[in-house]
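Bear in mind the structure is a predicted one, so any value in this text is a computation, not a measurement. Residue numbering restarts at 1 for every chain, and letters A, B, ... go by the order of the sequence lines.
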Amino acid sequence: MSALAQRHGGGIIFLSLIVALLLTIVPLPEDLRLLRPDWVLLVLIYWAMALPHRVGVGIGWIMGLINDVLTGMLLGQHALAYCLVIFLTLKLHQRLRLYPLWQQAQSVLVLLALGQLLLLWINGMIGRPIHSWLYWAPSVLGALLWPVLFVLLRGLRRAFRVV
Amino acid sequence: MTVDHRQHHLDALRSSISVGLYPIQFLIDLPSTAGDWLQESFSSRRTLQEENARMHAQHLLLQARLQKFEALEAENLRLRELLDSSFKASDRVLIAELMSVDLDPYRHEVLLNKGKAHKVYVGQPLLDAFGVMGQIVEATPYTATAMLITDPAHAIPVQVNRNGLRSIVVGTGKLQELSLPYIPNSADIQAGDLLVTSGLGGRFPPGYPVAEVVAVTVDPGHAFAQITARPLSHLDRSREVLLVWPPAPRRPAIEPVDAGELDGPGEPGATDTGDAAPTDAAPTDASTDATAETVTDTPAASATPATPAPVETPPSAVEQEE
């Protein structure tokens, strides 16, 4: 792997994250809003798993900050959650790569739920507790969508030779 | 995070990030804006004519009502002048549009397309054509986030229009429901009562409709009556909203003087000062700038009782949406 090849295709990573941000704030019907999966985190998990030398905790932190500003949450709330999840993904990436897709989705469910747990905890501390079980639906939906997203992003990565 | 929650040192950082993110928000808002624009430019002449006629009729109707209102306002001013109390000057308003962007689904917050560049400030009241919608909780250079009155973290001081009973309306997290948790069982309030802003707290200008009482449940087992109300503003339907700059809190007519110079305890200025002091302290730094400016462009602030104060906002003050 030459030094030149190492920095190939950064645009694709950037673009996929921008699209994820767009999906985060695109208006949905009132009932579907509660089910919206955390697109940014899903895409980050994929890139951290596939290219751990390119996407790490730092990018996770920045994307978390951006997400906080975009959705009007406490500054740093998503950043902390993303840092933790991406750190765990980096630790597990070799194991995750070997799993079949459905088992990967299970691991992703755990990671997403962990991130949401952290957000729930912070929201509770600042006096905005959430009591609905529906709060966990985005994690479940995100895990269900994982195989599709994985195949899509892998296709992108191979087509544009992102390494 | 604690710094952001407790203090406001990170507002600058948040503002600068959000300026960078404005293209994303703009892009998401684009389809609906473009839809509106297309609809406008391709609507037929006939539709426009119909709409024009309808607007004309409505304008006439409102104008007629306004005449009566002006006479009432003048009378009101005269009476208030007699009582030597503060009077309501006309408010400066700015029309803003909601951006069709989703924020956190567990909060009742909306994004507006006006920001600090348009002198929007944190704590500014937000209205639509039917009543109070909420207030600005965050202002960045080109956008502002507003919290609706139905957010569980929002409360607004109101009074019952019928008898002046004061209370606080608290959001419930449901879009069509507000609650009044602090009204005793014996209070005179009934379903159908109109709740208007009381102006206490200094944030919302007094006299704007907020909600209508839907149900009053008196349970002797509870210390307070359980009262629910329905917001009058169309929280989930309005796209155009009004940002209001309330008139600057009136300074006491007689400047506070040293105790030695006081003529007597019955000085009218003494009570006046006591009334004005809490409202003076209420606005934040940003709001004092905005309200200080309001004094200059509201002619009503210096109007004598003989000439009625203009009831509608001065045309120069209303900045139209381009």
Side-chain angles (χ1 to χ4, degrees), chain A residues 14-15 17-40 61-81 83 116 118-138, chain B residues 1-32 98-112 136-140 143-147 151-154 171 173-176 235-237 239:
Chain A
F14 182 70
L15 211 66
L17 286 173
I18 291 290
V19 170
L21 280 177
L22 287 177
L23 285 172
T24 308
I25 57 166
V26 76
L28 289 179
E30 196 60 36
D31 303 337
L32 293 181
R33 283 182 66 184
L34 298 178
L35 304 179
R36 185 202 307 269
D38 194 341
W39 292 106
V40 179
W61 186 74
I62 291 170
M63 291 311 289
L65 274 191
I66 289 176
N67 203 340
D68 282 330
V69 174
L70 213 54
T71 52
M73 308 263 268
L74 196 62
L75 206 59
Q77 189 170 341
H78 275 105
L80 181 63
C83 277
Q116 274 209 295
L118 211 58
L119 291 180
L120 182 76
W121 179 55
I122 294 167
N123 274 331
M125 284 217 299
I126 62 170
R128 284 183 163 279
I130 294 161
H131 299 297
S132 155
W133 281 106
L134 214 56
Y135 177 74
W136 302 101
Chain B
M1 275 183 283
T2 316
V3 174
D4 187 36
H5 184 48
R6 299 276 177 214
Q7 284 137 20
H8 298 281
H9 300 316
L10 289 179
D11 283 0
L13 174 68
R14 190 186 273 270
S15 287
S16 46
I17 297 180
S18 89
V19 171
L21 291 178
Y22 184 66
I24 294 185
Q25 292 167 335
F26 180 77
L27 198 68
I28 286 294
D29 188 44
L30 198 62
S32 69
L98 300 189
M99 294 179 83
S100 19
V101 164
D102 269 1
L103 303 178
D104 182 9
Y106 290 94
R107 298 177 187 203
H108 289 218
E109 285 177 355
V110 290
L111 195 72
L112 307 177
I136 304 293
V137 289
E138 206 182 293
T140 63
T143 59
T145 312
M147 185 184 275
D151 191 285
H154 194 275
K174 292 174 205 149
L175 211 50
Q176 291 300 331
L235 293 175
D236 51 345
R237 276 160 286 167
R239 187 157 158 77

For this session: Can you tell which part of A:Ile18 gets under 4.5 Å to a heavy atom of chain B, answering side chain, backbone, both or neither?
Result: side chain
Exercise. Counting only heavy atoms not in A:Trp61, do more than 12 sit closer than 6.0 Å to its CH2 atom?
Worked result: no
Exercise. Non-hydrogen atoms of chain A under 4.5 Å away: do they reach the side chain of B:Met99, the backbone, both or neither?
Worked result: neither
Exercise. With chain A, which of B:Leu21, B:Val137, B:Asp236 has the greatest number of heavy-atom pairs at distances under 4.5 Å?
Worked result: B:Leu21
Exercise. Under a 4.5 Å cut-off applied to non-hydrogen side-chain atoms, are B:Asp151 and A:Arg128 in contact?
Worked result: yes
For this session: Check whether B:Ser18 gets within reach of chain A through its side chain, its backbone, both or neither, counting any heavy atom under 4.5 Å.
Result: both
For this session: Can you measure from CG (A:Leu21) to CG (B:Leu27) and round to the nearest 0.5 angstrom?
Result: 11.5 Å
Problem set entry | Under 4.5 Å from a heavy atom of chain B, the part of A:Ile66 involved | both
Problem set entry | Worked verdict on B:Arg107 versus A:Asn123 for side chain to side chain contact (heavy atoms under 4.5 Å, CB included) | CA-CA 11 Å; B:Arg107 298 177 187 203; A:Asn123 274 331; 3.7 Å; yes
Seminar exercise, completed: For B:Tyr106 and A:Tyr135, the nearest pair of non-hydrogen atoms, with its separation, is OH-CA, 3.1 Å
Exercise. Which bit of B:Gln25 comes within less than 4.5 Å of chain A, counting heavy atoms only: side chain, backbone, both or neither?
Worked result: both
Seminar exercise, completed: In terms of heavy-atom contacts, B:Asp104 and A:Arg33 come closest through O-NH2, 3.6 Å
Exercise. Looking at CG of A:Leu75 and CD1 of B:Ile17, how far apart are the two atoms once the value is rounded to the nearest 0.5 Å?
Worked result: 5.5 Å
For this session: Identify which part of B:Ile24 has an atom lying under 4.5 Å from any heavy atom of chain A, answering side chain, backbone, both or neither.
Result: both
